[in-house]
2 protein chains.
Amino acid sequence: MSQTVDRALSILPLLAEGPASLEQVATRLDVHKSTALRLLRTLHDHGLVYRQQDQRYRLGARLFALAQQAVEALDIRGIAHPHLAALNERTGHTVHLAVYEQGEVVYIDKVESRYPVRMYSRIGRPVAITVAAVAKLLLADLPEPERRAVAEGLDYPRYTPRSTPDAGAFLAELARVREQGWASDLGGHEESINCVGAPLHGPDGRVCAAMSVSAPNVVVTAEELLRLRPQILRTAEAIGAELSGAAPAAHHPATKGAT
Amino acid sequence: MSQTVDRALSILPLLAEGPASLEQVATRLDVHKSTALRLLRTLHDHGLVYRQQDQRYRLGARLFALAQQAVEALDIRGIAHPHLAALNERTGHTVHLAVYEQGEVVYIDKVESRYPVRMYSRIGRPVAITVAAVAKLLLADLPEPERRAVAEGLDYPRYTPRSTPDAGAFLAELARVREQGWASDLGGHEESINCVGAPLHGPDGRVCAAMSVSAPNVVVTAEELLRLRPQILRTAEAIGAELSGAAPAAHHPATKGAT
DNA sequence: AATGGCCGTTGCGCATGATGCAACGCACTG
DNA sequence: CAGTGCGTTGCATCATGCGCAACGGCCATT
């Protein structure tokens with residue numbers, strides 16, 4: 001692995017937190033100022049980093065453009081979206097789509113609730129990996145050694161009393177999820193929010209993404225939400241079928257095609 | 001500028017075009033395979049690049065996560081304020097900045113008029129959502145189902161005879177606003193007060209805030225106020241560019257003062 | 001107005017780390 | 001079963017990225 005590039009790339013997550021000065025970057029990277037400057041300049045030349053008038057650095061327009069292209073390149077998203085929208089239409093609740101990539105679970109799509117109730121997460125933010133239904137689904141499908149390695153490398157923040165407490169409990173939960181083919185999170189992240197999720201199987205049979213329906217219990221109780229399970233599973237299967245090349249059932253015009 | 005980093009970063013736009021094999025990357029970079037491999041591995045370790053089953057590389061979801069995190073951390077007010085102050089300086093009128101959150105539109109910044117006018121707005125307070133220019137701008141950008149849901153759940157108080165009367169009229173107005181890219185409120189909240197507003201686009205291209213210039217018609221007529229529109233739009237675009245990290249990019253320190 | 005500290009910037013000599021090469025392994029093909 | 005194409009590895013060479021030290025602008029302090 002290339003040390004120079006490694007350092008340069010380490011700057012990006014750092015700047016994602018907020019603007020930082022040259023000195024701050026140098027300190028956090030543990031390199032000399034002049035080194036940090038050179039790296040930042042290179043990033044700047046590529047437009048990944050932006051320099052504001054106060055000379056501090058932020059992420060730049062190019063990075064946003066690339067990010068946009070990155071999600072658009074994910075076929076799953078384009079294929080799944082109409083299905084997710086339809087599910088949202090029928091249930092009225094917020095629907096999420098997430099993928100797993102190298103130890104991270106990332107939301108890549110979301111269809112908002114019709115209810116004008118604020119939902120906790122925005123797409124893109126790394127998921128609360130130890131509790132979210134989608135995270136459980138994605139991790140549950142990993143081969144056993146990797147699953148354990150990931151589980152043991154995680155923090156287990158106690159968002160609520162119902163949050164997953166530790167690696168042991170998490171692995172047990174993953175086993176259950178794997179077994180039953182769906183997952184739920186009942187107030188494990190935010191006390192009043194529940195969600196139910198299902199896995200999306202790719203052509204190779206492995207779980208390539210996960211979806212979930214979330215709602216605060218001021219709108220529906222956990223029991224009512226869980227009653228949507230069959231519908232969610234059916235949607236997940238429909239998406240999976242289409243991913244595997246099955247003809248898309250003639251729903252709405254499935255415009256947003258992927259190639 | 002660092003050559004190694006430069007090469008590594010050149011890979012990203014290349015992959016944005018579509019998945020590519022190691023050999024293709026090496027060729028396009030004009031470096032040896034082994035060099036390209038090392039660079040790709042480093043990018044991969046940082047999650048910026050993902051390796052699909054067929055061993056070809058594409059952009060990683062982490063890029064999206066980074067961008068999204070940066071968007072959330074954006075200090076819209078801090079970036080916008082100098083521009084708003086400058087606009088206030090030039091026009092003399094009250095300037096507002098607002099965002100949409102949890103079904104409400106709230107002011108997050110305000111630069112007072114140089115004229116002795118009283119206006120019922122305060123930072124942190126909700127906006128008269130059915131009539132204010134900023135509210136129209138923010139709601140006009142919501143996805144259609146949510147927009148309709150919100151519009152239908154609102155009250156439509158008749159502050160004045162020119163207030164938006166009902167959901168139908170409001171949705172029609174939102175469509176117009178969305179189309180034209182700016183909004184006005186001519187005496188819809190307080191009989192004698194007019195305002196003109198423009199949307200602020202965030203890095204993801206969506207409207208993340210809205211600004212407006214307001215003045216009572218004892219100071220300027222509605223026509224005169226509307227004549228400021230180009231100036232307001234220009235300001236909004238400048239803020240948007242800065243929010244997005246668009247790079248005019250002066251390397252050398254000498255650049256000082258407004259452009 | 002003068003001073004000192006802070007922070008970004010520059011040029012340079014040194015050694016570290018990035019480079020290309022050549023050889024290997026693997027999968028697919030004729 | 002050779003032959004081809006592509007990804008991977010270890011290594012010797014030297015280009016390149018590194019830290020240092022010194023400079024200069026800006027701001028707050030006296």
Side-chain angles (χ1 to χ4, degrees), chain A residues 1-12 14-15 17-60 101-102 203-204, chain B residues 1-12 14-15 17-60 75 78 81-82 85 242 245 247-259:
Chain A
M1 186 170 75
S2 164
Q3 185 187 77
T4 317
V5 177
D6 184 42
R7 285 173 170 166
L9 298 183
S10 303
I11 294 177
L12 298 178
L14 198 151
L15 292 185
E17 296 170 15
S21 69
L22 169 63
E23 181 111 345
Q24 291 172 318
V25 171
T27 306
R28 299 236 350 220
L29 282 192
D30 202 33
V31 297
H32 194 269
K33 282 189 299 179
S34 61
T35 304
L37 180 64
R38 191 158 12 83
L39 299 176
L40 279 164
R41 280 209 178 132
T42 311
L43 288 165
H44 181 103
D45 288 347
H46 285 259
L48 298 183
V49 144
Y50 170 75
R51 189 156 204 197
Q52 8 186 56
Q53 304 50 354
D54 65 357
Q55 307 219 309
R56 293 191 305 165
Y57 295 89
R58 290 189 359 228
L59 295 185
E101 219 169 80
Q102 303 180 220
D204 57 358
Chain B
M1 187 170 73
S2 165
Q3 185 187 77
T4 317
V5 176
D6 184 41
R7 283 172 171 166
L9 298 183
S10 304
I11 294 177
L12 298 178
L14 198 152
L15 292 185
E17 296 169 15
S21 68
L22 170 63
E23 180 111 346
Q24 290 172 316
V25 171
T27 307
R28 301 257 323 242
L29 283 191
D30 201 33
V31 296
H32 194 269
K33 282 189 300 179
S34 60
T35 304
L37 180 64
R38 192 157 13 83
L39 298 177
L40 279 165
R41 281 226 247 257
T42 311
L43 288 165
H44 181 91
D45 287 347
H46 286 259
L48 299 186
V49 143
Y50 178 77
R51 192 154 202 199
Q52 11 186 64
Q53 292 84 328
D54 64 357
Q55 304 219 312
R56 292 191 307 164
Y57 296 89
R58 60 167 175 75
L59 295 182
D75 176 17
H81 190 85
E242 204 173 323
H251 246 187
H252 290 276
T255 329
K256 192 195 167 171
T259 323

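Letters A, B, ... are given to chains in the order of the sequence lines, protein chains preceding strands, and every chain is numbered from 1.
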Send over the distance from [X] [atom1] to [N] [atom2], rounded to a whole Å.
X       : N      : atom1 : atom2 : answer
B:Lys33 : C:dG20 : NZ    : P     : 13 Å
B:Leu29 : C:dA18 : CG    : C1'   : 14 Å
B:His32 : D:dA15 : NE2   : P     : 17 Å
A:Leu39 : D:dC18 : CG    : C1'   : 10 Å
A:Glu23 : C:dT9  : CD    : P     : 12 Å

Donor-acceptor pair, distance only, cut-off 3.5 Å: does the side chain of [X] make one with the backbone of [Y]?
X        : Y       : result
A:Gln102 : B:His44 : yes
A:Thr42  : B:Val5  : no
A:His46  : A:Leu48 : no

| request: Report yes if a donor N or O on one partner sits less than 3.5 Å from an acceptor N or O on the other, where the partners are the side chain of A:Thr4 and the base of D:dC18; otherwise report no. | output: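 Side chain to base: no pair below 3.5 Å.
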| said: Quick check: any donor-acceptor pair below 3.5 Å linking the side-chain of B:Ser34 to the base of C:dC21? | reply: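 Flag set: donor-acceptor pair detected.
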| said: At a heavy-atom distance below 4.0 Å, what parts of residues 43-60 of chain B sit against DNA chain C? | reply: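 Contacts with DNA chain C under 4.0 Å: none.
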Look at [X] and [N] and indicate whether a side-chain polar atom (N or O) is within less than 4.0 Å of OP1 or OP2.
X       : N      : answer
B:Thr35 : C:dG20 : yes
B:Arg38 : C:dT19 : yes
A:Arg41 : C:dT10 : yes
A:Arg7  : D:dG17 : no

Contact check, side chains of [X] and [Y], non-hydrogen atoms, under 4.5 Å:
X       : Y       : result
B:Thr35 : B:Val25 : no
B:Arg28 : B:Ile11 : no
B:Asp45 : A:Asp6  : no
B:Ser2  : A:Arg41 : no

| request: Identify, between A:Leu22 and B:Gln3, the residue whose nearest nucleotide on DNA chain C lies closer to the 5' end. | output: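 This one resolves to A:Leu22.
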| query | Considering only side-chain heavy atoms of B:Leu37, which listed nucleotide, D:dT8, C:dG20, C:dG8, is closest? | reply | D:dT8
